[in-house]
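Notes to accompany the following structure.
We use all heavy atoms of the structure for the numbers below, so side chains are in, but hydrogens, waters and symmetry mates are not. Counting starts at 1 for both ligands and their atoms, in listed order.
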Amino acid sequence: MKTVFPVAGVGTRFLPATKEVPKEILPVLDKPLIQYAVEEAAASGLDDFVFITAPGKEALERYFAPNAELDEFLGRHGKEGLLDGIREFYGKKFTYIRQEQALGFGHAVSLAEAAVGDEAFAISLPDDLILSEQPAMAQMLAVYEKYRSPLIAFMKVPRADIPRYGIAAGPLLEERVFAIEKLVEKPAAADAPSNFAVIGRYIMTPDIFPLLKRGSKGAGSEIQLTDAVVELMKKRRVLGYFFEGRRFDAGTTLGYIETLVHVALRREDTRDFTRRLLRGLAENGTL
Ligand code: UTP
């Protein structure tokens with residue numbers, strides 16, 4: 001199965017940094033967001049990656065390719081190990097498709113058809129960083145194997161956050177899995193059918209493509225995947241899955257701070273320092 005990473009967005013919430021640096025290259029400690037997402041897919045057994053990129057985001061097209069000058073420099077200084085995490089991706093299959101205009105997330109997904117063909121495919125949004133025991137995408141694949149229905153990742157959010165998300169409701173089929181009966185993009189809290197929020201991991205089937213191509217504009221005047229999924233639901237069952245793990249919204253400044261702190265607390269080489277830092281701040285009464 002291929003994994004599609006729609007990474008062509010303008011990243012307005014992270015301007016001015018994203019004027020020149022793609023949001024997905026922003027580092028969480030020393031690793032860009034995109035690498036966390038690709039590593040999660042790889043750890044889930046997926047090894048064929050399709051990026052939907054945009055003009056000006058060429059750094060994303062270079063990131064997983066060898067850099068001969070850097071390799072030579074590191075070799076000369078005996079520091080080859082510094083690129084270990086990235087080197088393992090050199091031989092993997094990456095396809096890059098350009099979205100010339102940012103017409104929306106749904107439009108970006110529609111462009112993947114050329115690479116995906118008539119097979120089911122995974123979609124991963126790198127600014128949803130998920131820390132979990134079992135990789136989130138692996139959990140999704142296991143559910144897809146069982147039901148063979150399109151599948152969307154969900155988490156429950158506080159009421160105040162509802163207008164930022166796609167929201168769905170429907171009956172539970174088993175622990176963590178529900179059949180989506182209603183799905184709305186960014187509703188007002190008062191109109192929302194639940195507090196089940198769409199998170200950026202999906203497994204889609206190719207019958208989504210003709211529905212995306214209709215190109216009707218939804219929330220934010222963009223072509224939204226959600227609208228096409230609502231159409232798909234008229235034809236077949238679409239499932240929601242409450243993943244195990246914790247998701248961080250690294251695409252906003254406050255979420256980014258939270259992401260950095262949690263990743264730093266989980267990583268062995270940064271844990272003690274971060275704990276001391278936070279404890280010191282708390283004890284001085286400034287936190
Ligand atoms: P977002 O809603 O996060 O948009 O897109 P964005 O442009 O990245 O960020 P903001 O909201 O302006 O700050 C969700 C995902 O869809 C991709 C984005 O790159 C992101 O991964 N996307 C969005 C596209 O690939 N193309 C688009 O036209 C819009």
Side-chain angles (χ1 to χ4, degrees), residues 2-26 28 32-38 40-41 49-61 63 94-116 121-130 136-137 152-155 157 161-167 184-187 197-202 204 208-209 212-229 247-259:
K2 294 190 169 70
T3 314
V4 175
F5 299 90
V7 287
V10 179
T12 52
R13 285 170 293 178
F14 250 109
L15 283 168
T18 45
K19 176 175 172 290
E20 297 301 330
V21 180
K23 176 170 72 175
E24 300 78 12
I25 295 284
L26 294 178
V28 172
L33 276 174
I34 187 68
Q35 192 174 339
Y36 288 89
V38 170
E40 179 196 309
F49 310 116
V50 179
F51 284 27
I52 312 297
T53 66
K57 298 185 91 169
E58 290 77 14
L60 278 167
E61 298 174 12
Y63 186 71
F94 287 86
T95 306
Y96 302 99
I97 295 174
R98 283 281 176 94
Q99 185 188 32
E100 293 298 333
Q101 270 184 299
L103 297 178
F105 166 46
H107 179 258
V109 172
S110 77
L111 299 178
E113 186 176 14
V116 162
F121 60 104
I123 306 173
S124 175
L125 302 188
D127 51 7
D128 280 335
L129 194 153
I130 299 177
M137 197 57 95
I152 303 177
F154 279 87
M155 66 181 245
V157 296
D161 292 344
I162 283 175
R164 292 173 39 208
Y165 293 92
I167 301 288
V184 271
E185 186 61 36
K186 302 188 173 67
V198 173
I199 297 305
R201 300 288 184 277
Y202 307 76
M204 278 294 136
I208 195 72
F209 289 125
L212 281 168
K213 291 233 179 66
R214 290 191 197 163
S216 49
K217 301 228 165 91
S221 290
E222 291 187 340
I223 298 171
Q224 297 287 357
L225 181 65
T226 304
D227 297 329
V229 172
R247 167 266 191 181
F248 299 93
D249 181 5
T252 64
T253 43
L254 297 185
Y256 188 69
I257 297 172
E258 201 183 5
T259 313

Side chains of [X] and [Y]: does their closest heavy-atom pair fall under 4.5 Å?
X	Y	answer
Val109	Phe121	yes
Met204	Ile123	yes
Gln99	Thr53	no
Arg201	Glu40	yes

Check ligand 1 against [X] and write out every atom of the ligand that is under 4.0 Å from a heavy-atom position of the residue.
X	result
Asp127	3 (O)
Leu103	28 (O)
Glu24	19 (O)
Val10	7 (O)
Ala108	24 (C), 25 (O), 26 (N)
Ala102	28 (O)

Could you identify the single nearest non-hydrogen protein atom to [atom] and state the distance to 0.1 Å?
atom	answer
atom 9 (O) of ligand 1	Lys23 NZ, 3.2 Å
atom 15 (C) of ligand 1	Leu125 CD2, 3.9 Å
atom 12 (O) of ligand 1	Thr12 OG1, 2.5 Å
atom 16 (O) of ligand 1	Phe105 CD1, 3.5 Å
atom 2 (O) of ligand 1	Arg13 NH2, 4.1 Å

Does any N or O of ligand 1 fall below 3.5 Å from an N or O anywhere on [X], backbone included?
X	result
Gly11	yes
Ala8	yes
Ile52	no
Pro126	no

Compute the minimum heavy-atom distance from [X] to ligand 1 and say whether it is under 4.0 Å.
X	answer
Gln101	no
Gln99	yes
Gly104	yes

remark   = Between Phe154 and the options Ile199, Val198, Ile167, the side-chain contact (heavy atoms from CB on, under 4.5 Å) test singles out Val198
ask   = Only one of Ile52, Asp127, Ile34 clears side-chain contact (heavy atoms from CB on, under 4.5 Å) with Val7; which?
value = Ile34
key: Per-residue contact class, Val7 against ligand 1 - non-hydrogen pairs under 4.0 Å   = backbone
request  = For atom 5 (O) of ligand 1, state whether the nearest protein heavy atom is under 4.0 Å away.
outcome  = no
query = Do the charged groups of Glu20 and Lys57 touch, with an N to O distance under 4.0 Å?
reply = no
task = Ignoring hydrogens and angles, state whether a donor on the side chain of Tyr63 or Gln35 is under 3.5 Å from an acceptor on the partner side chain.
result = yes
ask   = Using 30° and 60° as the class limits, which term best fits the ring planes of Tyr96 and Phe51: parallel, tilted or perpendicular?
value = perpendicular
Geometric class of the Phe14/Tyr256 ring pair [parallel <30°, tilted 30-60°, perpendicular >60°] = perpendicular
request  = Would you sort out whether Val229 and Leu225 count as a side-chain contact (heavy atoms from CB on, under 4.5 Å), showing the intermediate values?
outcome  = CA-CA 6 Å; Val229 172; Leu225 181 65; 4.0 Å; yes
For atom 23 (C) of ligand 1, the option (of Ala54, Gly9, Pro6) bearing the nearest heavy atom = Gly9
inquiry  = Tell me if the centroids of the rings in Phe5 and Phe105 come within less than 6.0 Å of each other.
reply    = no
inquiry  = With a sphere of 6.0 Å drawn around CD of Glu100, does it hold more than 12 non-hydrogen atoms of other residues, nucleotides or ligands?
reply    = yes
